[in-house]
Student: 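There's a structure below that I have some questions on.
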Amino acid sequence: MSKTTTDTTPPADDQELGTAGAQLSTAPAEEISNLPSLGVIGWARWFWRQLTSMRVALLLLLLLSLGAIPGSLIPQSGIDETKVAEFRKAHETLAPIYDKLGLFNVYSSVWFSAIYILLFVSLIGCIVPRTWQFVGQLRGRPPAAPRRLTRLPAYTTWRTEAEPEQVRDAALALLEKRRFRAHLSGDAVAAEKGYLREIGNLAFHIALIVMLIAFAWGQLFKSEGNKLIVEGGGFSNTLTQYDDFKSGSLFSQDDLDPFSFNLKNFVGRYEPSGPNRGTPRVYKADVTYSVGAFGKEEKSTIEVNEPLEIGDSKVYLVSHGYAPVVTVRDGKGKVVYSDAVPLLPLDGNVTSTGAIKVMDGYRDAKGKWDQLGFQAFFLPSYVKGNEIASQFPALLNPVLNLEAYHGDLGVNAGLPQSVYQLNKKNLKGFKDSKGAQLRENLKPGETMKLPDGAGSITLEKEIKEWAGFQVARQPGSGWALAGSLAAIFGLAASLFIQRRRVWVRAVTGPDGVTVVEMAGLGRSESAKVPEELGDLAGILYEQAPGAPDAVDDPADSEASPDPQVAPAEGADTK
């Protein structure tokens, strides 16, 4: 009885070919584990390999982007508590579920932090071994030439009368001139090029870590506040001075940069005609600022997208409007209120609305304490017959429309209310001679008399302007930008630079004539490897031309006066 055995050992040629193509990248080799025999350590190693694999890193990136979606769509408690309260009131069923899932504070929730940390670990665990492996490749030399170069994807050969040593020396000089890392190995020259691909790959991964750290640092220590300032007014960078303020969870009041500034003048000029009529041509705020308690006062101009930078803070110009100056008198002519009243724009022509509240010091015609409220609409460019909206954003024909009320403004109830809105729940409207709600249009310098000697309100000739500023402190933004640029260039290098190897063998043939073989191998199939090999072969052929009898001998199929590179024996030509 005969016995048949199967030899599973790879042929020597296959082993040589595998060695030639080994370590063309820094990707870790896949190892198949025998799962039934895995112990605790084996499972830990398997889990670590999975976590540090590229597919898991991409999956974590996807989960991170998906996790950020509810943070953009659902009101966040760290950003706008008012909207969160409104959402809870409007969605009594969903709100408890969102609370349990942490959807009102997505970026500080346990599940989002877990994804973030796992992504960190995955990237670091991927980068460290790749880096050491790449350093080892840089310190080593390209592998020796396989025994049969004809099995490589790009191959060419010819015969020459030049000595083998001369051909190898010429090939070594040529490859080094083309920035290959080359060395002599036996009867062949081994060379490699394209290391920037792996450098780009590593730079991309490192840049991702830098970006993640920068974003996390910025979210934890950021601060952002808004302040509306009327011309002539000022601001000091303290929490109590802001109209609204939000910050990261690790932000401290001590992190605020010590500075102050005053709004001296706001300048707004607009297109007077054409399709862009009303579009701002000039939009700037002239300010004076000082750093620290005793800093020297300096002048500056803040424009849109041109903030004032003080320390780590940037002061942006974000909005603009008008603040008409009004004076309110009681029945005896005593001034009980005189100030510029900022009004909020409703449209591009700065049609504005707001409220004027006289809370203290006013007595009615009978001497009784009372409160006054005026619903105000301001039209910078009023056109008779159109009392709804302004026709132009500049002060061409300013008009202040007022509705007068008296009673309880609700400010003593202890409940917060907007300074720009008038709560009419406990107010009574003043009536005109026809019994209708008292309402008048005032031009600068005009006065509206309240009925029954209750007083008056005057629109002064001076109409001030206000500017809205945002003071933002975003640490880590410079690192995030640097990481983004590094990631782009690293990704471009890993995509467009190919790692490839070239071997040149020159030996003496049976007939005493030197046989030259050249072959190339890339990490992936590309037309660049055969093209580059053909270019190198053409230059080397000029230094070691074909033997004179190569063309005359039709039986010699390996000789060629002009070598052409083509897919070699056994190569995949797809």
Side-chain angles (χ1 to χ4, degrees), residues 75 80-92 226-228 230 240 242-244 321-346 351-379 387-389 399-442 446-460 466:
D80 196 330
E81 294 287 353
T82 303
K83 288 187 176 180
V84 172
E86 292 175 354
F87 187 92
R88 293 179 186 275
K89 186 177 180 180
H91 304 84
E92 296 180 356
N226 295 294
K227 179 65 177 179
L228 185 150
V230 180
T240 56
Y242 285 99
D243 295 331
D244 62 81
Y322 293 101
V325 179
V326 298
T327 300
V328 180
R329 293 177 173 85
D330 62 12
K332 295 182 179 181
K334 178 185 176 181
V335 176
V336 294
Y337 181 90
S338 182
D339 202 356
V341 182
L343 303 178
L344 299 181
L346 298 174
T351 303
S352 307
T353 184
I356 303 171
K357 301 179 182 181
V358 182
M359 296 175 285
D360 301 307
Y362 171 75
R363 292 176 182 266
D364 60 15
K366 298 178 180 181
K368 183 180 178 181
W369 293 104
D370 202 359
Q371 293 178 335
L372 295 178
F374 299 89
Q375 184 69 55
F377 289 90
F378 182 74
L379 286 70
E387 299 182 0
I388 300 176
V399 165
L400 179 64
N401 180 274
L402 293 174
E403 290 182 2
Y405 299 86
H406 69 97
D408 184 7
L409 294 173
V411 295
N412 298 324
L415 299 175
Q417 60 174 249
S418 172
V419 297
Y420 304 105
Q421 295 179 352
L422 193 64
N423 185 356
K424 302 176 184 178
K425 181 179 180 180
N426 298 316
L427 295 177
K428 295 180 180 180
F430 285 101
K431 306 298 181 180
D432 59 16
S433 58
K434 298 180 180 180
Q437 170 64 47
L438 180 62
R439 180 176 181 178
E440 290 187 17
N441 286 340
L442 300 182
E446 293 183 347
T447 299
M448 181 174 75
K449 297 288 186 180
L450 300 179
D452 302 325
S456 65
I457 179 170
T458 301
L459 174 61
E460 304 294 342
W466 60 261

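Just so you know, these numbers use all the heavy atoms, side chains as well, and skip hydrogens, waters and symmetry mates. Along the sequence shown, the residues carry numbers beginning at 1.
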Student: Between OG1 of Thr353 and CG of Asn401, what distance do you get to the nearest 0.5 Å?
Tutor: 9.5 Å

Student: Using side-chain heavy atoms (C-beta onward) and a distance below 4.5 Å, is Tyr322 in contact with Leu343?
Tutor: no

Student: List the residues meeting side-chain contact (heavy atoms from CB on, under 4.5 Å) with Val335, not counting sequence neighbours, and say none if there are none.
Tutor: Thr327, Arg329, Ser338

Student: Within the distance-only criterion (no hydrogens, no angle test), does the side chain of Lys334 pair as donor or acceptor with the backbone N or O of Tyr362 below 3.5 angstrom?
Tutor: no

Student: What residues, two or more places apart in sequence or in another chain, satisfy side-chain contact (heavy atoms from CB on, under 4.5 Å) together with Asn426?
Tutor: Asp408

Student: Residues in side-chain contact (heavy atoms from CB on, under 4.5 Å) with Val399, at least two apart?
Tutor: Tyr382, Asn441, Lys443

Student: Partners of Asn423 by side-chain contact (heavy atoms from CB on, under 4.5 Å), sequence neighbours excluded?
Tutor: Lys425

Student: Mind listing the closest non-hydrogen atom pair of Tyr405 and Gly429 along with its distance?
Tutor: CD2-CA, 3.5 Å

Student: Might you point out which heavy atoms bring Ala365 and Gly453 nearest each other, and give the distance in Å?
Tutor: CB-O, 3.6 Å

Student: With a cut-off of 3.5 Å and sequence neighbours excluded, list every side-chain donor-acceptor pair involving residues 430-438.
Tutor:
| unit_1 | atom_1 | unit_2 | atom_2 | d |
| --- | --- | --- | --- | --- |
| Asp432 | OD1 | Lys434 | N | 3.0 |
| Asp432 | OD1 | Gly435 | N | 3.1 |
| Asp432 | OD1 | Ala436 | N | 2.8 |
| Gln437 | NE2 | Ala404 | O | 3.0 |

Student: Roughly how far, to the nearest 0.5 Å, is CD of Gln421 from NZ of Lys357?
Tutor: 8.0 Å

Student: Please give me the minimum heavy-atom distance between Gly373 and Leu409, naming the atom from each residue.
Tutor: CA-CD2, 4.0 Å

Student: Looking at OG1 of Thr351 and CZ of Phe378, how far apart are the two atoms once the value is rounded to the nearest 0.5 Å?
Tutor: 10.0 Å

Student: Restricting to salt bridge (charged side-chain N to carboxylate O under 4.0 Å, His left out), what partner residues turn up for Asp243, sequence neighbours left out?
Tutor: Lys227

Student: Which atom names give the shortest non-hydrogen contact between Gly361 and Val336, and what distance separates them?
Tutor: O-CG1, 3.2 Å

Student: According to salt bridge (charged side-chain N to carboxylate O under 4.0 Å, His left out), who are the partners of Arg363, at least two apart in sequence or on a separate chain?
Tutor: none

Student: Mind checking what makes side chain to side chain donor-acceptor pair (under 3.5 Å) contact with Asp360, not counting sequence neighbours?
Tutor: none

Student: Taking C-beta and beyond as the side chain, do Lys424 and Gln375 meet within less than 4.5 Å on heavy atoms?
Tutor: yes

Student: If you round to the nearest 0.5 Å, how far is CG of Leu402 from CG of Leu459?
Tutor: 8.0 Å

Student: Taking all heavy atoms of Tyr242 and all of Asn226, pick out the closest pair and write down the distance.
Tutor: CD2-N, 3.7 Å

Student: Once you round to the nearest 0.5 Å, how far does CG of Leu400 lie from CD of Glu440?
Tutor: 11.0 Å

Student: Given the rule in the side-chain contact (heavy atoms from CB on, under 4.5 Å) test, do Ile356 and Ile457 qualify, once you have shown the distances and angles that lead to the verdict?
Tutor: CA-CA 10 Å; Ile356 303 171; Ile457 179 170; 4.1 Å; yes

Student: Looking only at non-hydrogen atoms, find the nearest pair between Trp466 and Pro345 and report the distance.
Tutor: CZ2-CD, 3.6 Å

Student: Rounded at 0.5 Å granularity, tell me how far CG in Asp330 sits from CG in Asp370.
Tutor: 11.5 Å

Student: Please identify each residue that fulfils side chain to side chain donor-acceptor pair (under 3.5 Å) with Lys449, with sequence neighbours left out.
Tutor: none

Student: By side chain to side chain donor-acceptor pair (under 3.5 Å), which residues pair with Gln371, not counting sequence neighbours?
Tutor: none

Student: Can you list everything that forms a ring-ring contact (aromatic ring centres under 6.0 Å, His included) with Tyr420? Sequence neighbours excluded, please.
Tutor: none

Student: Please identify each residue that fulfils ring-ring contact (aromatic ring centres under 6.0 Å, His included) with Phe374, with sequence neighbours left out.
Tutor: none

